[in-house]
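Numbers here simply count residues along the sequence, with the first being 1. This one's a predicted model, so the numbers in the text were calculated from it and none came from an experiment.
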Amino acid sequence: MKKKLNTILDFFYPPFRRILPIQTFRYAVCGGSNTLLGLAIYFVCLNYVFRNENADLQYIVFKPHNAALFTATSVCFFTGFLLNKYLVFIDSHLRGRIQLFRYFVSFAINLVINYFLLKVFVEVWHVDPFLAQIITTFMVIGISYISQRHFTFRSKKPLPE
């Protein structure tokens with residue numbers, strides 16, 4: 001399955017060869033797919049599951065945009081890790097459990113950044129929650145790529161720029 005998916009990704013790579021290394025291209029495709037999945041889950045949760053109302057869990061109450069964020073990220077954590085481990089950063093020398101732990105640390109930092117940016121956009125600047133999530137997602141993508149490449153899935157050989 002991994003080889004088939006990489007073959008498909010590599011088939012679409014030639015037009016981008018001059019502007020992107022293969023690893024960056026794969027990250028863009030896999031990360032873009034995971035981002036779209038996350039935004040779709042966020043939208044469905046915000047509008048249909050939580051219906052733009054607070055999510056009362058009896059011991060804690062989440063605002064709808066926060067409840068949707070935590071629901072979407074809990075799914076995208078696993079899909080993102082698997083895509084990155086098996087399709088993007090295949091030359092990493094680190095053991096899988098180390099990668100998973102580092103991915104969790106990086107993911108948690110990105111989630112905190114996303115949470116606070118979303119809070120500012122929605123609660124301070126009164127931006128529509130879905131639009132705010134799109135904006136914050138794109139702000140976090142760069143941080144995520146750098147942390148995945150240089151920390152989570154580090155490889156022994158120097159990475160091409």
### Task
Evaluate the ring planes of Phe107 and Phe77, with Trp represented by its six-membered ring, and classify them as parallel (under 30°), tilted (30 to 60°) or perpendicular (over 60°).
perpendicular

### Task
Write out all pairs satisfying salt bridge (charged side-chain N to carboxylate O under 4.0 Å, His left out) with one or both partners inside residues 122-136, taking only residues at least two apart or from two chains.
Lys63-Glu123, Lys119-Glu123

### Summary
Those residues at least two apart in sequence (or on a different chain) that pass salt bridge (Lys or Arg N to Asp or Glu O under 4.0 Å) with Arg102 are none

### Heavy-atom side-chain proximity of Arg154 to Ser92 below 4.5 angstrom
no

### Message
Run the ring pair (Phe, Tyr, Trp, His ring centres under 6.0 Å) test against Phe101 and tell me which residues pass, sequence neighbours left out.
### Response
none

### Task
Would you check if there is a donor-acceptor pair between the side chains of Tyr13 and Arg17 at a distance under 3.5 Å?
no

### Task
Of all the heavy-atom pairs spanning Phe153 and Asn84, show the shortest one and how long it is.
CE1-CB, 3.5 Å

### Query
Leu100, Leu94: one ILVMFWY side-chain cluster at the under-4.5 Å cut-off?
no

### Message
Please check if the number of heavy atoms outside Phe151 that lie under 6.0 Å from its CZ is greater than 12.
### Response
yes

### Gap between atom CD of Glu53 and atom CZ of Phe50 - 0.5 Å precision
11.5 Å

### Least distance between heavy atoms, Gly38 atom then Ala72 atom
O-CB, 3.5 Å

### Message
Test of understanding: clusters of I, L, V, M, F, W, Y form through side-chain heavy atoms closer than 4.5 Å, transitively. Do Ile141 and Leu111 belong to the same one?
### Response
yes

### Same apolar cluster (I L V M F W Y, side chains within < 4.5 Å links), Val112/Tyr115
yes

### Task
Would you give the length of the straight line joining atom CG of Leu5 to atom CE of Met1, rounded to the nearest 0.5 angstrom?
5.0 Å

## Note on the structure
Heavy atoms of Leu118 and His65 approach each other most closely as CD2-O, 3.8 Å

### Exam field: side chain Asn54 to backbone Asp56, donor-acceptor pair closer than 3.5 Å
no

### Task
Kindly compute the distance separating CD1 (Ile41) from SG (Cys76), expressed to the nearest 0.5 Å.
5.0 Å

### Query
Would you say Asn47's side chain and Phe43's backbone share a donor-acceptor pair under 3.5 angstrom?
yes

### Query
Is the shortest heavy-atom distance from the side chain of Arg26 to the side chain of Asn6 under 4.5 Å?
yes

#### Entry: Val140-Leu39 co-clustered via ILVMFWY side chain contacts under 4.5 Å
no

### Message
Would a single hydrophobic cluster contain both Val29 and Ile19, if residues Ile, Leu, Val, Met, Phe, Trp and Tyr are joined by side-chain heavy-atom contacts under 4.5 Å?
### Response
yes

### Task
Looking only at non-hydrogen atoms, find the nearest pair between Cys30 and Leu83 and report the distance.
O-CD1, 3.7 Å

### Partners passing side-chain hydrogen bond (donor to acceptor under 3.5 Å, both in side chains) against Tyr27 (at least two apart in sequence or in another chain)
Ser144

### Query
Out of curiosity, Ile143 CD1 to Asn114 CG, how far, rounded to the nearest 0.5 Å?
10.0 Å

### Task
Only counting residues at least two apart or in another chain, list the ones meeting ring pair (Phe, Tyr, Trp, His ring centres under 6.0 Å) with Phe121.
Trp125

### Task
Have a look at Phe81 and tell me which of Phe104, Phe89, Tyr103 forms a ring pair (Phe, Tyr, Trp, His ring centres under 6.0 Å) with it.
Tyr103

### Query
Between the side chains of Tyr42 and Thr71, is a donor N or O closer than 3.5 angstrom to an acceptor N or O?
no

### Task
Please lay out, stage by stage, how Ile22 and Phe16 fare under the test side chain to side chain contact (heavy atoms under 4.5 Å, CB included).
CA-CA 9 Å; Ile22 185 73; Phe16 301 95; over 6 Å; no

### Message
To check you understand the geometry: which heavy-atom pair defines the closest contact between Tyr86 and Ile90, and what is its length?
### Response
O-CG2, 3.3 Å

### Task
Just do the side chain to side chain contact (heavy atoms under 4.5 Å, CB included) check on Leu57 and Ile60 with the steps written out, would you?
CA-CA 5 Å; Leu57 303 177; Ile60 191 167; 4.0 Å; yes

### Query
Hey, is the main chain of Gln99 close enough, under 3.5 Å, to the side chain of Thr152 for a donor-acceptor pair?
no

### Task
First locate atom CD of Gln23, then atom CG of Leu87, and finally report the distance between them rounded to the nearest 0.5 Å.
12.0 Å

### Task
Kindly compute the distance separating OG1 (Thr136) from CG (Asn110), expressed to the nearest 0.5 Å.
11.0 Å

### Query
Which atom names give the shortest non-hydrogen contact between Lys85 and Gly96, and what distance separates them?
NZ-CA, 3.8 Å

### Query
Judged by atom type as modelled, is there a donor-acceptor pair below 3.5 Å linking the side chain of Thr7 to the main-chain atoms of Lys3?
yes

### side chain to side chain donor-acceptor pair (under 3.5 Å) contacts touching residues 29-40 (sequence neighbours left out)
Asn34-Thr79

